[in-house]
Amino acid sequence: MSEKELRRSMAVLPIGTVMKLTSLTARQIRYYEKNELVFPNRSEGNRRLFSLNDIDRLLEIKDFLADGLNIADIKRVFKEREQKLQNDLSDTQMRRLLRDELLQTGRLSDDPGPVFPIKRV
DNA sequence: GTTCTGACA
DNA sequence: TGTCAGAA
């Protein structure tokens, strides 16, 4: 994971800040959490701590709601998105394996030049 | 002063 | 979804 991604996933924002950044009420934010649309961390004192990713997530929820989707719909959207992410991951893994196979077989050198189109991952 | 949970005139 | 109570 890159540093950038790590920072985006750092949960450090209290709900008050999130309210200002998203224009959502604490009531709404807590409601979305109860419905498993967002998963903020908790501090020792049981206070919610949000990350920048959580902010984006809440902003998306806001847009989807404005488009007429209900909680169940939004849940599916996020669910399918993660499913796709999983597929893409296994896809790059598979390509890596295939590339390594070809390297060991000697069909591919470190600098093969223009042989045939194999997209390197 | 801020946030949490539960409840509802 | 707003808002109030009682606690942390």
Taking every non-hydrogen atom, the tightest pair across [X] and [Y]:
X     : Y     : answer
A:Y31 : A:N35 : O-ND2, 2.8 Å
A:L24 : A:I29 : CB-CG1, 3.9 Å
A:P14 : A:F50 : C-CD1, 4.4 Å
A:N41 : A:A11 : ND2-CB, 3.4 Å
A:K62 : A:T22 : NZ-O, 3.0 Å

Exercise for the section: Report the residue (A:K34 or A:T17) whose heavy-atom-nearest nucleotide on DNA chain B is the more 5′ of the two. Expected result: A:T17
Practice task
Could you tell me whether the side chain of A:N70 and the main chain of A:A72 form a donor-acceptor pair under 3.5 Å?
Solution key: yes
Problem - Donor-acceptor contact below 3.5 Å, side chain A:Q28 vs main chain A:T25 - result: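 Checked: pair present.
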Exercise for the section: Walk along DNA chain B from 5' to 3' and tell me the first and last nucleotide with an atom closer than 4.0 Å to a non-hydrogen atom of chain A. Expected result: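 The footprint of chain A covers B:dT2 to B:dT5.
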Fill in the blank from the handout: In DNA chain B, consecutive runs of at least three Watson-Crick or G-U pairs below 3.5 Å, as range with range, amount to B:2-8 with C:2-8
Exercise for the section: Among A:L13, A:V38, A:D54, find the residue that satisfies the side chain to side chain contact (heavy atoms under 4.5 Å, CB included) test when tested with A:V18. Expected result: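 Exactly one option meets the side chain to side chain contact (heavy atoms under 4.5 Å, CB included) with A:V18, and it is A:L13.
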Problem - Nucleic acid footprint by protein, nucleotides 1-8 of chain C - heavy-atom cut-off 4.0 Å, B for base, S for sugar-phosphate alone - result: BBB----B
Problem - Lys/Arg-Asp/Glu bridge criterion (N-O < 4.0 Å) met for A:E3, A:R8 - result: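 Answer for the salt bridge query: no.
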Practice task
Decide, yes or no, whether a salt bridge links A:R57 with A:E36 under the criterion of side-chain N to carboxylate O below 4.0 Å.
Solution key: no
